[in-house]
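Computed from heavy atoms alone, side chains included, the values below leave out hydrogens, waters and symmetry copies. In what follows, chains carry the letters A, B, and so on, assigned in the order in which the sequence lines appear, proteins first and then strands, with residues in each chain numbered from 1.
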Amino acid sequence: MRYRHQVSLSSPAPSLTSAAVLRVCDWFAVHARELPWREDTATPWGILVSEIMLQQTPVVRVLPRWQDWMRRWPRPADLAAAPTAEVLRAWDRLGYPRRALRLQECARVIRDEHGGEVPATLEELRALPGIGEYTAAAVTAFAFGGRAAVADTNIRRVLVRAVLGQERPAPSYTARERAVVAATLPEDTSRSVLWNQAVMELGALVCTARSPQCGSCPLASACAWNRAGRPAASAETPRRVQRFEGTDRQMRGRIMARLRSAPQVPITMLLELDPADPARVRRCLGTLLADGLAERDGDLVSLPS
DNA sequence: AAGCCGGGGAC
DNA sequence: GTCCCAGGCTT
């Protein structure tokens with residue numbers, strides 16, 4: 001285990017009672033949404049694809065893209081062999097298209113180094129492109145039934161409220177939070193898988209960021225934040241939400257949308273995306289070319305072949 | 001630890 | 001207009 005993951009034994013992390021854990025699992029059995037990547041027929045590959053698509057992207061927007069994607073590329077080898085331009089078009093407007101590039105790289109590594117099968121261990125998953133700490137744990141748990149501490153934005157928020165009594169997590173995943181997530185994870189493996197799913201769903205449906213429905217929460221009586229009167233977060237931890245309007249990120253998105261719409265696009269047409277500032281378009285196009293999201297052939301730009 | 005990377009819907 | 005969404009990668 002790496003040093004920064006170690007927890008001081010002198011201050012054991014607070015946790016939840018086993019009764020509270022059971023209440024959340026019971027709640028999940030009744031209220032869980034029916035999502036296609038949760039069906040018994042879902043493959044590890046399908047679950048991995050869903051996790052990548054769901055990174056910073058709401059479920060409702062992922063659903064149709066995932067269905068099309070899995071119908072088209074049901075196995076890693078199928079995606080590995082696809083033209084990258086088609087992969088990026090299928091990604092459509094899910095956002096952060098570098099995820100689509102990494103997903104295809106991921107498929108190629110799985111084909112070339114794992115015999116075409118999604119690896120089942122945390123370490124092997126974490127080594128795949130586009131798979132970080134969260135996704136490796138999620139695939140371990142949800143695709144292979146392994147015991148792993150899953151910590152997405154929902155689980156972090158629920159546990160920070162219920163255990164630490166704060167309205168919302170810090171911007172970065174702190175060692176303190178990590179200790180709470182680990183301490184709360186049930187020892188029993190199958191119970192841990194259910195727990196991860198249940199807390200995540202609770203955060204998505206009840207313990208939401210904006211208007212938590214504490215009245216119908218199975219943790220209400222155990223929740224430190226609720227018991228304290230749901231105090232607002234201190235102003236010391238500012239939101240630092242990223243601006244979008246007028247940024248390079250927005251322009252990159254506009255360029256990508258234009259590239260998806262035709263086999264090739266003249267640079268002159270791309271420059272018209274911001275007639276007042278063609279230098280900005282050129283700068284953004286440059287970063288897209290550097291990222292491998294676009295290709296240039298003379299005056300023509302296209303998605304990568 | 002901080003900054004960057006899309007896009008859309010809820011408020 | 002603000003905030004949020006099953007995060008990851010680079011510096």
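R61(A) contributes no side-chain N or O that forms a donor-acceptor pair with the base of dG9(B) under 3.5 Å. A donor-acceptor contact under 3.5 angstrom links the side-chain atoms of R210(A) to the base of dC3(C).
Nearest-nucleotide positions on DNA chain B for Q55(A) and Y173(A) put Y173(A) closer to the 5' end.
Here the straight-line distance linking atom CD1 of I52(A) with atom CH2 of W69(A) works out to 10.5 Å at 0.5 Å rounding.
Remark: Q56(A) is in phosphate contact with dG7(C), judged by side-chain N or O atoms under 4.0 Å from OP1 or OP2. Checking the phosphate oxygens (OP1, OP2) of dC5(C), no side-chain nitrogen or oxygen of T57(A) falls inside 4.0 Å.
Picking from dG8(C), dG7(B), dC9(C) the nucleotide with the shortest atom distance to the side chain of R98(A) gives dG8(C). The side chain of R126(A) lies closest to dC9(C), out of dC5(C), dA6(C), dC9(C). Taking the side chain of Y96(A) as heavy atoms from C-beta on, and the options dG8(C), dG6(B), dG8(B), the nearest nucleotide is dG6(B).
The same atom, P, is picked in dA6(C) and in dC11(B); the two are 14 Å apart, to the nearest Å.
Using a cut-off of 4.0 Å between Lys/Arg side-chain N and Asp/Glu carboxylate O, R258(A) and E272(A) are scored as not salt-bridged. Under the 4.0 Å criterion applied to side-chain N and carboxylate O atoms, R23(A) and D26(A) are not assigned as salt-bridge partners.
At a threshold of 4.0 angstrom between heavy atoms, the contacts of W37(A) include nucleobase atoms, whether or not backbone atoms are also involved.
Side-chain contact annotation: E51(A) with Y134(A), donor-acceptor N/O pair under 3.5 Å present.
Taking atom CE on M251(A) and atom C1' on dC4(B), their separation rounds to 17 Å, with Å as the unit. Spacing between atom CZ of R102(A) and atom C1' of dG7(C) amounts to 10 Å, rounded to whole angstrom units.
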